[in-house]
Amino acid sequence: GPRWLRYRVLPGLRRGRARVVVRYEAAGGGAQEGVLEQAVHYFVHEAAEKVVRALGALGSTKAWLNASVADPWGRSPAFFGYDMQKEEKVMEEPRVCMSGLSDEYGAGASLSMAIKQLGQPSEQEVGQLEEYVHGTLFAGEHGDRKKFLQDGRTYGASARSIGGRQPPPRVRLYCGRAVNRGTRRFSEVGVTAFWVLRGVGDCVLSSARWGRLCSGFCQVEVTVSWVLPGGVDCVLGSARWGRLCSGFCQVRLSLLYWSDRVNEDPEVLKAASRLSEACRRCWPKDCYWLSCWSETKSLEEWRAYNYPHPTAVYWSLYRIGRHWAPSWLKRSTWQFYLRQAHRTALAMWEHAGQGKDTSQWGLMVASIFQLVLSDLKLEGWTSEAAELERVMLARVKHWRSLPFPFGSEFPWDSTGHEEIYTWMEYFGHAEEAEATVSAVLAYVSVLPTWGLSGSARRWFDFFINGKDFMGNERIMHHYAGALNSIPLLGMYQRAPHRLHLLRAGIAGVMGSLTNIREDGAPSMGWHGHPARLYRDPY
């Protein structure tokens, strides 16, 4: 094989781009000496530990909206994206999902803060994540679902998705205190329900007919609400410890929206003047498809891509609560967060097409579902694990039936490979896992430049998620690069002799660190046009 020469490259005195020129001599020297030069481009930055710590520090201060701030859309408390040009939170973007705490950009700030805790935990940041979960992400015991990203009740779901020929809904509750083992049957207001009490926290609804189920049984300091066929609300228990998802857990498209009411509200004009100016110019009929969504649009829950992000937030808090001592969790237990991660993963299937529509594709960040499944098994939660595994097996069956299963909602995406590889590897489909890696290697390469090495082939997304966009421009170190490192590094662990997988995978991971400015301000990627070569301000 080729002979490798090793050189020690010392970092420069300052952070940023650097170039090393390598001169090759012709064999034997002579007149041809020095005829060939090669430029190798590096990006010099601090150790990863310092970069990630700066990201957390900025996210928990400048990019954090405190609960004391009265936001017209109920977005506090929350982590937001950051405009490194204006040095402020991105709260008034007319592409409302970006400031609405959902979709990739909107949910990215809370996702990065949650995952950071797994390697570099901070008690303050864990506390803020819990504030975000209970104050903005999940409605819990609060009644107004329009003020939260995710609720335990359905947003007008049909009888087909709840009952029909399917088994009746099942509810598992973490009760907050021990309850007696045994069974009990009761009837009231035309309702028959059968519950099995299995110790701390497990009330399982075995059967139910529509009607109103009144409190008075299973007083476990938990409220659960859902809608049974016929559209009648069923409510259980009391609201003290909060409510778990009752089998729905929808994630809406955005907390930020526009409406006739908002359009005429002078308080909104004062609180969000730039957003008001943009939306009032186009409302109600001339707004672009990404801009100034109506409240009805913002409540839609069909987009599968919006479910892995909150799943990862819940799972990260579970891991911190379960494995960090003493526990920093104050608002809920690790059991609560693991159950929420499980139910949110299932909600993706239920509300995003049940294997059709957007749930048919591999999703970015959705390798988190496999991590949730593994932890369910480790905890001995066999029924929950079996339920999630059945859903994922159905998706894998669909992917295996396709010659090229890496499609997406946009033709330029390269984000499906991460999850597809994860499940192919998990279920032992070696041939399909190898095919996924080969597909990634078709557009991810190792080159002598930090901007392209390990970077996914990504175009157009400055238009979707960026601040500065100029036609069809390549994005260097778009988040797809780091996502595609997951299958590359996963396969390298299986086959460590394939060194090129390690080189390409590490390049994708390290490239993402270049998106973080020295003070911790993050960017979605670098502008790849030769005349630009700067981080996008968003």
Side-chain angles (χ1 to χ4, degrees), residues 49-93 95-140 142 147-150 251 254-256 271-272 274-275 306 309-310 312-317 320-321 324 328-332 337 365 465 467 479 515-524 535-538:
E49 179 184 7
K50 186 175 180 180
V51 176
V52 173
R53 182 174 290 110
L55 175 69
L58 184 136
S60 61
T61 54
K62 294 182 179 180
W64 170 252
L65 185 65
N66 198 283
S68 62
V69 178
D71 180 69
W73 293 273
R75 294 175 295 170
S76 61
F79 301 97
F80 281 82
Y82 193 73
D83 185 340
M84 61 172 62
Q85 190 177 64
K86 291 187 174 181
E87 304 289 352
E88 64 182 23
K89 294 181 282 292
V90 180
M91 293 186 62
E92 298 185 47
E93 174 58 55
R95 291 167 290 181
V96 291
C97 62
M98 296 176 65
S99 294
L101 306 179
S102 196
D103 210 299
E104 285 81 71
Y105 187 93
S110 58
L111 173 67
S112 64
M113 189 61 71
I115 298 301
K116 173 195 173 290
Q117 306 312 311
L118 302 179
Q120 205 176 83
S122 158
E123 186 172 7
Q124 175 193 332
E125 293 164 8
V126 169
Q128 288 173 299
L129 280 165
E130 283 206 281
E131 284 188 60
Y132 162 69
V133 165
H134 294 279
T136 304
L137 174 57
F138 182 59
H142 301 279
K147 295 294 185 182
F148 296 88
L149 280 169
Q150 185 183 29
V251 179
S254 173
L255 259 181
L256 185 62
R274 285 173 294 183
L275 176 66
N306 294 343
H309 305 82
V313 172
Y314 292 131
W315 177 79
S316 298
L317 287 170
I320 285 291
W324 188 265
W328 288 338
L329 299 183
K330 301 292 193 300
R331 300 292 298 271
S332 288
Y337 292 117
V365 192
N465 291 314
K467 183 174 185 179
Y479 62 78
N515 294 338
I516 304 172
R517 202 172 61 181
E518 190 170 8
D519 65 349
S523 169
M524 66 163 291
R535 297 182 188 90
D536 190 83
Y538 279 4

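Because the structure is predicted, anything quoted here is derived from the model rather than measured.
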Report the residues that fulfil ring pair (Phe, Tyr, Trp, His ring centres under 6.0 Å) with Phe79, sequence neighbours left out, ordered by chain and then residue number.
Trp64
Just wondering, do Lys116 and Leu55 contact through their side chains at under 4.5 Å, heavy atoms?
no
Does the distance from a Lys or Arg side-chain N to an Asp or Glu carboxylate O, for Glu87 and Arg517, drop under 4.0 Å?
yes
Nearest heavy-atom approach of Ala114 to Ala312 is CB-O, 4.3 Å
Criterion side chain to side chain contact (heavy atoms under 4.5 Å, CB included) against Pro77, the qualifying member of Asn66, Val69, Thr136, Val133
Thr136
Calculate, to the nearest 0.5 Å, the distance between atoms CG and NE2 belonging to Asp103 and His309 respectively.
7.5 Å
Smallest heavy-atom separation, Gly74 atom then Leu255 atom, equals O-CD1, 4.0 Å
Quick one: closest heavy-atom pair of Ala67 and Glu131, and the distance?
CB-OE1, 4.3 Å
When you look at Val126 and Trp328, which way does the side-chain contact (heavy atoms from CB on, under 4.5 Å) test go after all the steps?
CA-CA 7 Å; Val126 169; Trp328 288 338; 3.9 Å; yes
On a heavy-atom basis, the closest approach of Glu518 and Ala54 is O-CB, 3.9 Å
Return the OG to CD distance between Ser332 and Glu130, rounded to the nearest 0.5 Å.
6.5 Å
Are Gln128 and Met113 side-chain neighbours, meaning at least one heavy-atom pair lies under 4.5 Å?
no
Would you name the heavy atoms of Ser76 and Leu65 that are closest together and state the gap between them?
CB-CD2, 3.6 Å
Can you find a heavy atom in the side chain of Leu329 that is under 4.5 Å from one in the side chain of Tyr337?
yes
Thinking salt bridges, do Glu123 and Lys330 make one under a 4.0 Å N-O criterion?
yes
Intermediate values then yes/no, side-chain contact (heavy atoms from CB on, under 4.5 Å), Leu118 and Trp315:
CA-CA 10 Å; Leu118 302 179; Trp315 177 79; 3.3 Å; yes
Going from NZ on Lys62 to CG on Asp519, what distance comes out if it is rounded to the nearest 0.5 angstrom?
5.5 Å
Quick one: does Lys467's side chain get under 4.5 Å of Glu93's, heavy atoms only?
no
Quick one: side-chain contact (heavy atoms from CB on, under 4.5 Å) partners of Val96, sequence neighbours excluded?
Ser254, Leu256, Trp293
Is there side-chain contact between Tyr82 and Leu58, with at least one heavy-atom pair below 4.5 Å?
yes
Keeping to residues at least two apart or across chains, list the side chain to side chain donor-acceptor pair (under 3.5 Å) pairs with something in residues 105-115.
none
Do Leu149 and Pro310 come close enough that some side-chain heavy atom pair is under 4.5 Å?
no
Cut-off 3.5 Å, side chains only: do Gln85 and Tyr538 have a donor facing an acceptor?
no
Can you tell me if Arg75 uses its side chain to pair, donor with acceptor, with the backbone of Ser99 under 3.5 Å?
yes
In Å and rounded to the nearest 0.5 Å, what is the CG to CZ distance from Leu317 to Arg331?
11.5 Å
Could you check if a side-chain atom of Gln124 sits within less than 4.5 angstrom of a side-chain atom of Ser60, using non-hydrogen atoms only?
yes
What I want to find out is whether Asp83 reaches Lys89 closely enough, with some N-O distance under 4.0 Å, to be called a salt bridge.
no
SB check Arg274 Glu88 (cutoff 4.0 Å):
yes
Give me the atom names and distance for the closest heavy-atom approach of Ile320 to Pro121.
CD1-CB, 3.9 Å
Less than 3.5 Å apart, any donor N or O on the side chain of Gln117 or Glu125 sitting next to an acceptor on the other?
yes
Does a side-chain heavy-atom distance below 4.5 Å link Met524 with Tyr479?
no
